[in-house]
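Chain letters run A, B, ... following the sequence lines, proteins first and then strands; every chain starts at 1. As the structure is a computational prediction, the values presented were derived from the model and not from experiment.
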Amino acid sequence: MAIERYNAPEREKHWQQAWDGAQIFRAREMKGPKCYVLEMFPYPSGRIHMGHVRNYTMGDVFARYKRARGFNVLHPMGWDAFGMPAENAAMERKSHPAQWTYANIDTMKGQLKSMGLAIDWDREIATCSPDYYKHQQKLFLDLLNKGLAYRKSSKVNWDPVDHTVLANEQVIDGRGWRSGALVEQRELTQWFFKITAYSEELLEALGTLDKWPEKVRLMQANWIGRSEGLSVRWALDAATAPQGIDELEVYTTRPDTLFGASFLAVAADHPLAKAAAEKNADLAAFCEECRRMGTSVADLETAEKKGFDTGIRAIHPLDPAWKLPVYVANFVLMEYGTGAIFACPSGDQRDLDFAQLYDLPVVPVILPPGEDAATFIVKDKAYDGDGTMINSRYLDGLDTKAAFEEVAKRLEKAKLGSKPVGERKVNFRLRDWGISRQRYWGCPIPVIHCASCGVVPVKAADLPVRLPDDASFDKPGNPLERHPTWKNVDCPACGKPARRETDTMDTFVDSSWYYARFTAPHATAPIDREAAAYWLPVDQYIGGIEHAILHLLYSRFFFRAVSDAGHSSKNLREPFAALFTQGMVTHETYKSAEGAWLLPTDVRFEGEGAGRSAVEIATGKPAVIGSIEKMSKSKKNLVDPDEIIGHYGADCARWFMLSDSPPERDVIWTDEGISAAGRFVQRIWRVVNEAAEKVPAAGLASSGEAGPEGQALRRAAHKALDGVGRNIEGLRFNVAVAQLYELTNTLSAVLSKSEDNFGWSIREATELLVKMFAPMMPHLAEECWTRLGYNTLLAKEPWPEADPGLLVDDSVTVAVQVNGKRRDEMTISRTASKDEVEAAALRLESVVRALEGRQVKKIIVVPQRIVNVVG
RNA sequence: GCGGACGUGGUGGAACCGGUAGACACACGAGACUUAAAAUCUCGAGACGGCAACGUCGUGCGGGUUCGAGUCCCGCCGUCCGCACCA
């Protein structure tokens, strides 16, 4: 009998409606073991892309699996809906960011629903909704009250033509992306969150996150950047110093190299540089140049090292007779340490590059192990490791650590003025989190500036501070700033006319607590303490590696901060118990003969392998096949999920996204890959139909003995069950997929030769197969479940338990090696003793031959795996 | 520049704690079915030599530890990612 093709798009709609009707993906009442599965919520950019499909499929498989395992699962979805693109779109289309954003949400929600995700849509939130951001404003006020939010002056990229602040990504080669004007560094008073108050704790607690990738923990640890060093105050030579400044404080982690010092350097924004620049136009110009370099560290450190001698001389703290020049240098950051360094060129590559450029002395002070003091010199490569002190007077002969201690001790005792010259200091690279954005489409910062009362918080009862709907987006700059009336309010304290804060919050604030809001999205408090206590932490968080530092660190901080402000239990510190970072979806790129990017649908292919070539369909001209890159709009190497789902169905797209590539690695989207997945969907359907013809009715108990073939099939099915369960649990979806292929192969081989005498084993194996792929291809699984004679929803069925008795075989195949080289294999009883295994191995003809008459010296037996005969 | 990751057949990848390298899939080749194509099914396949049995080599490169190394150690090479206002 011919079996009809499985019509995925049509059946998928049916099953989605069935799930909706039964409301089975709603989180249950807060009782019993729970599992909170969360994928990073999307930015509503317009349409979903394959990256979303991959991310949400992984989370969905895990959530469905955990639900089948009996957990009370919370699997919500929302929208990271504030941000710059909406404002850009508004500017370009002369519309409103809200209109653009909500239209996108609508589209994308429909797309996500077509994927058949097991999501509790009742909990949907959008961060741009006043219902969400009013709570965020309350959280802000509570942090302000606790001293964790404050204002200070900080540098921004300023576009002098557009009169707007630019993000780093909007600065291209030092120029504004839109205006092309040279970007300036400007000081602006901005809002900050005091994340540095938690530096130590955030670093310490990384040790407890054993379900996070090691890589992410390391990245965060480096980002926090704890170092132990010494802050050293250098007296300035009065004859050379600007008036009123008589010392310079530097921070160093290497006080041991102090005798190798050859100059000091300060940042262009250091007060000493500014003071010196007042009387030196050339220096002022140099400082200005440094400021133009951009704020990103990568720019600074890859730029050529440059400096300017201020003419100021500093006195060495360990030798009053020794004077060193003070430079302004472009590689010194005001934000780190004290904004000033002492340089030891032999021990630091940047210092060495700088010293060579300006002809400053290079004195080696650390002798690497194994080098000879008489011959060791530092030429083009600085040595920053440990070793023995040389050229360092009384430190000579000490090791690096002892020298550090000795210098620290001396400088702690020495006095400059009335205070010690040196002071031990733990320093962090981590800086406070600047949350001010001079933009419209973000959460308004709920404070009012009053001429007489200063910064006055908006009263909690007056929240939310709503964004005005009638802002204009026809020109650059902050629409809130130029709005005719919005910012004019009366001071809540004295009632006099005052001005609203026009900065909005960084969108990272929105995403720093959304996972907590999901636990009680309709609560009157921002975070419902009871719901948070039950649901948090998130048991499995899944998202892109690009969020490894900022989003995840900010969330770890923000959750602690608001918990300390009373919004959640102080014992609950970490929001995400387990983290998984998935790889990107990549695709080949194509260019026309003229060099324009082409969509995959714009080209057709000829030939294959090395001779494969592409032709632009529209022109018939040859096209260029480029490298495989992350799918992006700019390179047009996109595949539209809608088209794939419409053609192959959601299950097929999901299956392909889980196949082959390990989830943490990039996956390459290919036509062959998706069509192979499509073939498998049909194959499953055929196999299940064929099985359904041959098996006893649903729900009957086992007929008992299955016979050797039936028993072998049962073993295969239960082994797969054991493996698939563990691989889903460990998020090794590609391996689980391979095991399901294997079981399908076994089952279909059995079906082709079955004599109808072990139908019950076939039913069992088929049901197990269907239940196992159900989290991955849920619609197809429901269809198969029905075909197997059930009228219940498979999504409600529990995960089956593997029979331990079927997981081990009576006999095993072990490899036989002679002198470490595999020569043969043999099948032997699983319980065979060491002696029996040895004897069996020595009887093998291949072993005798490989020994070539040599004496057997020893035999290594690894039970059930290998025998190694050494002779 | 600093920090991190990765490197296995023609391709994506598998390989538990150091124990049969290449599971599974793609692409490919041969065959069956078909008027034909598609679909489907069967078989083959790391490289080299050999009719074959089999042998030699083989996890980026060079060393080391071990009875045994894709896996551990040391030194290189290559590719990719992040770097604080993109989300």
Is there any protein nitrogen or oxygen under 3.5 Å from a nitrogen or oxygen in nucleotides 49-57 of chain B, and what are the pairs?
{"from": "B:U56", "atom 1": "OP2", "to": "A:Arg823", "atom 2": "NH1", "distance (Å)": "3.4"}
{"from": "B:C57", "atom 1": "OP2", "to": "A:Lys821", "atom 2": "NZ", "distance (Å)": "3.0"}

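- Proximity of the aromatic rings of A:Phe41 and A:Tyr515 is defined here by a centroid distance below 6.0 angstrom, and this criterion is not met.
- Listed by first then second residue, pairs satisfying side chain to side chain donor-acceptor pair (under 3.5 Å) with a partner in residues 655-674 of chain A read A:Trp655-A:Tyr741, not counting sequence neighbours.
- A close approach under 4.0 Å does not occur between any side-chain nitrogen or oxygen of A:Arg429 and OP1 or OP2 of B:C2.
- Legend: residues meeting salt bridge (charged side-chain N to carboxylate O under 4.0 Å, His left out) with A:Glu187, ordered by chain and number and at least two apart, are absent.
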Heteroatom pairs (N/O) under 3.5 angstrom, protein to nucleotides 8-12 of chain B:
{"from": "B:G12", "atom 1": "O2'", "to": "A:Ser661", "atom 2": "OG", "distance (Å)": "3.2"}
{"from": "B:G12", "atom 1": "N2", "to": "A:Asp660", "atom 2": "OD1", "distance (Å)": "2.8"}

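- Legend: residues meeting salt bridge (charged side-chain N to carboxylate O under 4.0 Å, His left out) with A:Arg5, ordered by chain and number and at least two apart, are absent.
- A:Asp353 comes within contact range of no nucleotide atom at all, as no heavy-atom separation falls under 4.0 Å.
- Checked for salt-bridge contact, A:Asp432 and A:Lys194 miss the test: no charged N lies under 4.0 Å from a carboxylate O.
- Note on A:Arg683: only backbone sugar-phosphate atoms sit closer than 4.0 angstrom, heavy atoms only; bases stay farther off.
- The aromatic rings of A:Tyr514 and A:His551 sit tilted, their planes meeting at an angle between 30° and 60°.
- Listed by chain and number, the residues in a ring pair (Phe, Tyr, Trp, His ring centres under 6.0 Å) with A:Trp433 are A:Phe193, A:Tyr554 (sequence neighbours excluded).
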Seminar exercise, completed: Pairing string of RNA chain B (Watson-Crick or G-U wobble, both atom distances under 3.5 Å; | = paired to other strand) is (((((((..(((......[....))).(((((.......))))).((((....))))..(((((..]....))))))))))))....

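- As judged by a 4.0 angstrom heavy-atom cut-off over every strand, A:Gln438 is placed among the base-contacting residues.
- Summarising the geometry, the separation between CD on A:Gln739 and C1' on B:A23 is reported as 10 Å, rounded to the nearest angstrom.
- Partners of A:Glu481 by salt bridge (charged side-chain N to carboxylate O under 4.0 Å, His left out), not counting sequence neighbours, listed by chain and number: A:Lys487.
- Side-chain polar atoms of A:Gln190 and A:Asp503 form no donor-acceptor pair below 3.5 angstrom.
- The phosphate of B:C24 has neither OP1 nor OP2 within less than 4.0 Å of any side-chain N or O from A:Asn734.
- Comparing the P positions of B:A25 and B:A14 gives an interatomic distance of 15 Å, to the nearest angstrom.
- A 6.0 Å sphere centred on NZ of A:Lys152 holds more than 12 heavy atoms belonging to other residues, nucleotides or ligands.
- At a threshold of 4.0 angstrom between heavy atoms, the contacts of A:Glu214 with the nucleic acid are absent.
- No salt bridge links A:Arg732 with A:Glu729; every basic N to acidic carboxylate O contact stays at or beyond 4.0 Å.
- Applying the salt bridge (charged side-chain N to carboxylate O under 4.0 Å, His left out) test to every pair with at least one member in residues 213-227 of chain A, sequence neighbours left out, gives these pairs: A:Glu200-A:Arg226, A:Glu214-A:Arg217, A:Arg226-A:Glu228.
- The pair A:Glu838-A:Lys834 meets the salt-bridge criterion, since a charged nitrogen lies less than 4.0 angstrom from a carboxylate oxygen.
- Between B:C28 and B:A39, the two P atoms lie 11 Å apart (nearest whole Å).
- Side-chain to base pairing of A:Glu664 with B:C6: no donor and acceptor N or O lie closer than 3.5 Å to each other.
- Among the atoms of the strands shown, base atoms are found under 4.0 Å from some heavy atom of A:Glu825.
- Against the 90° criterion about 0, the sugar-base torsion of B:C54 places it in the anti range.
- Within 4.0 Å (heavy atoms only), A:Phe508 reaches at least one base atom of the nucleic acid.
- Looking at heavy-atom distances under 4.0 Å, A:Gly83 makes contact with sugar-phosphate atoms alone, never a base.
- Partners of A:Glu845 by salt bridge (charged side-chain N to carboxylate O under 4.0 Å, His left out), not counting sequence neighbours, listed by chain and number: A:Arg849.
- Across all strands shown, A:Ser511 has no heavy atoms under 4.0 Å from either base or sugar-phosphate atoms.
- Counting any heavy atom pair closer than 4.0 Å across all strands shown, A:Ser436 reaches a base atom.
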For this session: Would you mind building the protein contact string for nucleotides 62-76 of chain B? One character per nucleotide, 5' to 3', B for base within reach (heavy atoms under 4.0 Å), S for sugar-phosphate only, - for untouched.
Result: -----BS--------

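- At a threshold of 4.0 angstrom between heavy atoms, the contacts of A:Trp223 include nucleobase atoms, whether or not backbone atoms are also involved.
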N/O to N/O distances under 3.5 Å, protein versus nucleotides 15-18 of chain B:
{"from": "B:C16", "atom 1": "N3", "to": "A:Arg865", "atom 2": "NH2", "distance (Å)": "3.4"}
{"from": "B:C16", "atom 1": "N4", "to": "A:Arg865", "atom 2": "NH2", "distance (Å)": "3.1"}

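- Between the side chains of A:Thr507 and A:Trp441, no donor-acceptor pair of N or O atoms lies under 3.5 Å.
- Of the side-chain N and O atoms in A:Asn745, one or more sit less than 4.0 angstrom from OP1 or OP2 of B:A25.
- B:G75 takes the anti form, because its glycosidic angle lies more than 90° either side of 0.
- Checking B:C85, B:A23, B:C26 against every side-chain atom of A:Arg437, the shortest atom distance belongs to B:C85.
- Between the A:Asp506 side chain and the A:Val509 main chain, no donor and acceptor come within less than 3.5 Å of each other.
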